[in-house]
Peer 1: 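Below you will find the structure I want to go over with you.
Here is how names work: the chains are called A, B, and so on, in the same order as the sequence lines, proteins then strands, and each is numbered from 1. Atoms considered below: every heavy atom in the structure, side chains included; atoms not considered: hydrogens, waters and symmetry mates. In this text, all values refer to a predicted model and were calculated from it rather than measured experimentally.
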Amino acid sequence: NAGVMQNPRHLVRRRGQEARLRCSPMKGHSHVYWYRQLPEEGLKFMVYLQKENIIDESGMPKERFSAEFPKEGPSILRIQQVVRGDSAAYFCASSPELNTEAFFGQGTRLTVV
Amino acid sequence: KQEVTQIPAALSVPEGENLVLNCSFTDSAIYNLQWFRQDPGKGLTSLLLIQSSQREQTSGRLNASLDKSSGRSTLYIAASQPGDSATYLCAVVSDFNKFYFGSGTKLNVKP
């Protein structure tokens, strides 16, 4: 059973471009979470999704950020018109059920130049 | 709002020493608490999960305790090794599996 897979591992975007981050949860996991780790800061919750539903997006900026977890395929975190302040490590986690152990991916390190 | 604090922020010890990392949280209404390890530039590795009804969990040289009423958890590492050098993160899980992370304790074990 492969772990949580995130790609790409590193992503460089120019200001104003779009960034698309992908997360494939562990097999059998239907709960996906996205977290952001800004430089020298702790991880902060962004969004919690189940298949085809956004359950809690209270940690996600209202503008430019969106997330989806379609019936088929990976979960996608999309950042439009990136700015330098979006540079961070974005981590995805998955769990089989609510409030059970969560497993994290290796993260995608986004650099905006 | 849940606040998680980890003390100390950094710790440097000689190899072989037993050590304790501390985590405190402000809201005792948690589902569980999870300790992670993060190596530089890498992801998070789950070390131990303590359910809210449990008092402690053990895995090898690691032992984690939970006192929900006082809002505290400790991670005990026995006979530390240089390979234990990493940042250790404490996270409490509140509603909807939302993790609240501490800022971590950066551990350096000197050979």
Side-chain angles (χ1 to χ4, degrees), chain A residues 1-10 21 23-26 29-50 53-60 69 88-111, chain B residues 1-10 21-27 29-54 57 59 62 64 66 68 86-106:
Chain A
N1 188 2
V4 178
M5 305 299 291
Q6 290 188 249
N7 67 81
R9 293 289 308 278
H10 300 274
L21 288 62
C23 168
S24 296
M26 289 180 70
H29 289 196
S30 59
H31 302 251
V32 166
Y33 321 85
W34 286 92
Y35 288 80
R36 177 165 67 174
Q37 187 175 36
L38 292 166
E40 305 304 320
E41 292 190 21
L43 282 88
K44 296 288 195 293
F45 168 82
M46 297 183 75
V47 61
Y48 161 42
L49 310 101
Q50 292 182 33
N53 289 300
I54 296 175
I55 307 301
D56 182 350
E57 57 183 346
S58 58
M60 202 152 67
F69 188 18
Y90 291 82
F91 290 95
C92 170
S94 73
S95 67
E97 300 288 344
L98 189 62
N99 299 324
T100 56
E101 187 172 10
F103 297 86
F104 281 73
Q106 294 293 299
T108 293
R109 279 151 184 84
L110 171 67
T111 302
Chain B
K1 182 175 178 265
Q2 181 75 267
E3 300 282 346
V4 180
T5 304
Q6 290 187 246
I7 295 173
L21 309 182
N22 297 291
C23 172
S24 61
F25 47 95
T26 54
D27 185 350
I30 65 171
Y31 286 99
N32 56 51
L33 183 145
Q34 201 163 345
W35 282 93
F36 295 89
R37 167 185 173 140
Q38 185 175 28
D39 292 281
K42 301 287 179 62
L44 279 68
T45 301
S46 178
L47 297 174
L48 288 164
L49 169 74
I50 311 178
Q51 302 283 0
S52 62
S53 58
Q54 297 174 319
Q57 280 288 337
S59 175
L62 305 179
L66 173 63
K68 229 175 63 161
T87 296
Y88 290 80
L89 297 169
C90 165
V92 298
V93 183
S94 298
D95 54 306
F96 289 118
N97 233 18
K98 187 184 296 184
F99 283 72
Y100 292 88
F101 282 87
S103 295
T105 294
K106 189 172 183 178

Peer 1: Taking atom NZ as the centre, does B:Lys106 end up with more than 12 heavy-atom neighbours from other residues, nucleotides or ligands that are less than 6.0 angstrom away?
Peer 2: no
Peer 1: Tell me, for B:Leu44 versus chain A, whether the close heavy atoms (under 4.5 Å) come from the side chain, the backbone, both or neither.
Peer 2: both
Peer 1: Might you point out which heavy atoms bring B:Lys98 and A:Ser58 nearest each other, and give the distance in Å?
Peer 2: NZ-OG, 3.2 Å
Peer 1: Contact part of A:Thr100 toward chain B, heavy-atom cut-off under 4.5 Å: side chain, backbone, both or neither?
Peer 2: backbone
Peer 1: For chain B, find its close neighbours in residues 101-108 of chain A: heavy-atom separation under 4.5 Å, sorted by number, or none.
Peer 2: A:Glu101, A:Ala102, A:Phe104, A:Gly105, A:Gln106
Peer 1: Taking B:Phe99's backbone N and O only, do any of them form a donor-acceptor pair with A:Tyr35's side chain (distance below 3.5 Å, no angle check)?
Peer 2: yes
Peer 1: Given heavy-atom pairs under 4.5 angstrom as the criterion, report whether the side chain, backbone, both or neither of B:Gln38 touches chain A.
Peer 2: side chain
Peer 1: Among the options B:Phe101, B:Tyr100, B:Phe36, pick out the one with the most heavy-atom pairs lying under 4.5 Å from chain A.
Peer 2: B:Phe101
Peer 1: Where does A:Glu97 contact chain B at under 4.5 Å (heavy atoms): side chain, backbone, both or neither?
Peer 2: backbone
